[in-house]
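Please read these numbers as outputs of a predicted model, since none were measured by experiment. The figures here come from the full heavy-atom set of this structure, side chains too, leaving out hydrogens, waters and symmetry mates.
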Amino acid sequence: MGTQDPISSIQPGHGVDMERQPSNAVNNGNDELDESRLAQFGYKQELDRDWGLAHNFGVSFSIISVITGLTTLFSYGLSTGGPAVMSISWLVVSFFTLLVATAMAEIVSAIPTSGGPYFWSAMLAPPSWSPFLAWLTGWFNLLGQVAVTTGITFGLAGLVSTAITVKNPDYEQTPAKTIGIYAALLFSHGVVNTFGVKALRWLNNVSIILHSAGITALCIAVLVKAPKLQSAKFVFGTYHDGTAAEPDGAEGWGQRASPAYVVLCGALMSQYTLTGFDASAHLSEETKKASWSAPIGVVSSVGFSSIFGFFVLMAFLFSIQDFEQVLDNRYGQPVLQIFVDVLGEDGALVLFGLIMVCVWHCGLFSMTSNSRMMFAFARDRGIPTLFTTINPRFKSPLPAIYLATTLSFLLALPSLGSEVAFAAATSIATIGLYLSYGLPIFIGLFWHKNFAAMKGPFNLGALSRPVAAAACLWICFITVVFCLPTANPVTSQTLNYTVVAVGVITLGAVGSWMVWARRWFTGPEAREVAEAMRVGVDITELEPGALERREKEKEVMEGREKGVSE
């Protein structure tokens, strides 16, 4: 893997007046700089680097896909807190998610590679901790990536089944049929991902248009055609506890515990929706000017999705005609019932079809991000190196793509015997991904001097540590909350098995490390580069002896500071 000498390179464009060169010369210089920086991390350029800032933003925006999270979890939101919790939690969750994204973007700018969180942990941690933290972060990120793809595409399978019942009321939605639809959708994602970045780049443009202009038009149409609009008091003040698993006489969690418990659990809809923005990092090896474009892609995708998602959520909630009918509708899908109430079945199917196309694109790019992470993790031997294979014709990591497909299918199988499997999958996705985001953020916070020497053009300056601390506290909070049971009473059918899945991954990662992985897994092999960055040497201008000289200078300075303090 990688190159023989990851740090012996000449700065691209040295001695050239870039402003006087033709645009293609500037682009070539940027491409060379991106490839040179990647080589310095120990890797050669294997994937085509032809994504721009708009494409990088578009991937994360498509994976966040506010219409996906809101539509597939709208029923969960209505029953776990109702409109008040849905609307207010969106604002709170958006704020803290933006803090997480901003802290992450600062790391992406310093270390733009496909590995994403696990590679950041390796580079930011001291050498003695680097392999273990990279291993642990990598497995959390892999779990979260697989669960996100599962949540998105399995949710789409449920939407397809629901749409069929509109004109075919005798159609029986069974878990087996939904799994069959789900398998076909996963396969379609795998096939499209096979054809490489050219097809994906075109579909990315389509996805951006559908998710922005298309969903905006949908929301305006619903608001304009609605016979009546609900009041702000209804949208921001209606609380509903539908967490009783047995409707006849059973208590919801609001009665058994506290309404605050329901409010906390209800925040899952918002937090799951604003997930997956690490895609901009995983696509950084295919993005031009990655040290700037990738972090901007992370932050802008979350910021825009937060604003746009609030608009979509408000459009749906204000357009509810009969709250009780939407809660208990014959379709089993409250968003579809809203559309039917406003536009009739035919109009509702048109709008619902647009949503399903958007969700399909969301699942497609989730698998793209997932496969890139697996490709990078295999490159560093976190999983078998078979998954580093790149198809020479399509420039796609085919084994990684179909590993992502297979694991996502397996994770959905518990839905055949559990009523809350989908909600658990969304919890697993949320916790797995956010833990993998939080570990490198915490490492950069704890060993901040190391991180400070590595920072790229996206630099928070004095705000770096406060933002990172707030992000870590929020991640710890949601990790606990989303492991709580969401249906009462807790039985084998209603158990939130998120804690089981996350616990198995945690114990498996730590246990495998103690038993055998520590003997051979070294993590990313750009050790000398990491040390150069820690002591403040510019890795794009590294000369023989520069690292040693800087280390000695640092030792002298530290000695002087110690003498002064004494």
Side-chain angles (χ1 to χ4, degrees), residues 1-3 6 38 41-44 46-47 107-108 111-149 278-279 281-285 366-390 397-408 410-411 428-429 431-440 442-443 501-502 504-527 529-530:
M1 57 156 277
T3 57
L38 184 61
F41 287 129
Y43 308 119
K44 64 181 180 179
E46 297 182 271
L47 301 168
I107 301 175
V108 175
I111 312 169
T113 68
S114 291
Y118 87 86
F119 194 96
W120 307 335
S121 292
M123 294 291 287
L124 294 172
S128 58
W129 283 94
S130 178
F132 170 67
L133 291 173
W135 177 263
L136 187 63
T137 306
W139 279 103
F140 276 132
N141 194 239
L142 190 148
L143 170 68
Q145 290 271 344
V146 171
V148 162
T149 303
D278 58 323
H282 293 302
L283 272 293
S284 60
E285 290 183 26
S366 177
M367 185 173 290
T368 304
S369 176
N370 198 342
S371 63
R372 291 338 187 243
M373 183 272 161
M374 291 178 175
F375 161 78
F377 202 34
R379 188 170 59 182
D380 291 317
R381 299 187 302 162
I383 58 177
T385 55
L386 161 68
F387 301 106
T388 62
T389 303
I390 298 291
L398 296 190
I401 289 171
Y402 289 100
L403 174 63
T405 304
T406 302
L407 292 179
S408 295
L410 294 176
L411 187 59
I428 293 168
I431 292 174
L433 281 184
Y434 274 91
L435 283 175
S436 72
Y437 301 166
L439 279 170
F442 175 77
I443 294 167
V502 175
V504 167
I505 288 292
T506 304
L507 293 176
V510 174
S512 61
W513 174 261
M514 298 298 295
V515 174
W516 55 287
R518 63 187 176 90
R519 301 175 184 174
W520 53 267
F521 181 76
T522 58
E525 296 182 2
R527 298 308 183 121
V529 176

**Message:** Run the side chain to side chain contact (heavy atoms under 4.5 Å, CB included) test against L136 and tell me which residues pass, sequence neighbours left out.
**Reply:** F132, F140, L439, A509, V510
**Message:** Using every non-hydrogen atom in the two residues, find where I383 and F387 come nearest and quote the distance to one decimal.
**Reply:** CD1-CD1, 4.1 Å
**Message:** Tell me if a side-chain donor or acceptor on Y118 pairs with a main-chain N or O of L142 at a distance below 3.5 Å.
**Reply:** no
**Fill in**
Minimal heavy-atom distance between L133 and T137, with the atoms involved, is O-OG1, 2.7 Å
**Item:** Contacts of type side chain to side chain contact (heavy atoms under 4.5 Å, CB included), residue S369, not counting sequence neighbours
**Value:** I63, Q145, A279, H282
**Message:** Counting only heavy atoms from other residues, nucleotides and ligands, does the tally under 6.0 Å from CH2 of W513 exceed 12?
**Reply:** yes
**Message:** Can you tell me how far apart CD1 (I401) and CE (M367) are? Round to the nearest 0.5 Å.
**Reply:** 8.5 Å
**Item:** Exam field: side chain R379 to backbone F375, donor-acceptor pair closer than 3.5 Å
**Value:** no
**Request:** Tell me, please, which residues at least two apart from W520 pass side chain to side chain contact (heavy atoms under 4.5 Å, CB included).
**Result:** W135, R381, W516, A517
**Message:** If I compare all heavy atoms of G138 with all of M373, which pair ends up nearest, and what's the gap?
**Reply:** O-CE, 3.2 Å
**Item:** side chain to side chain contact (heavy atoms under 4.5 Å, CB included) against A501, all qualifying residues, sequence neighbours excluded
**Value:** I428
**Flag side-chain contact, heavy atom, 4.5 Å: N370 against V148** = no
**Complete:** In short, A400 meets M374 closest at the heavy-atom pair O-SD, 3.8 Å
**Request:** Taking all non-hydrogen atoms of both residues into account, name the closest pair between T388 and A378 and its distance.
**Result:** CG2-C, 3.4 Å
**Request:** Answer yes or no: is there a donor N or O on one side and an acceptor on the other, between the side chain of S121 and the main chain of A134, under 3.5 Å?
**Result:** no
**Request:** To the nearest 0.5 Å, tell me how far L143 CG sits from L435 CG.
**Result:** 9.0 Å
**Prompt:** What closest approach, in Å, do D380 and F521 show between heavy atoms, and which atom pair accounts for it?
**Reply:** O-CE1, 3.1 Å
**Message:** S408: which residues meet the side chain to side chain donor-acceptor pair (under 3.5 Å) condition with it, sequence neighbours left out?
**Reply:** none
**Complete:** Sequence neighbours excluded, the answer for side chain to side chain donor-acceptor pair (under 3.5 Å) partners of S436 is N141
**Request:** Taking the side chain as every heavy atom from C-beta outward, state whether P131 and R518 have any atom pair closer than 4.5 Å.
**Result:** no
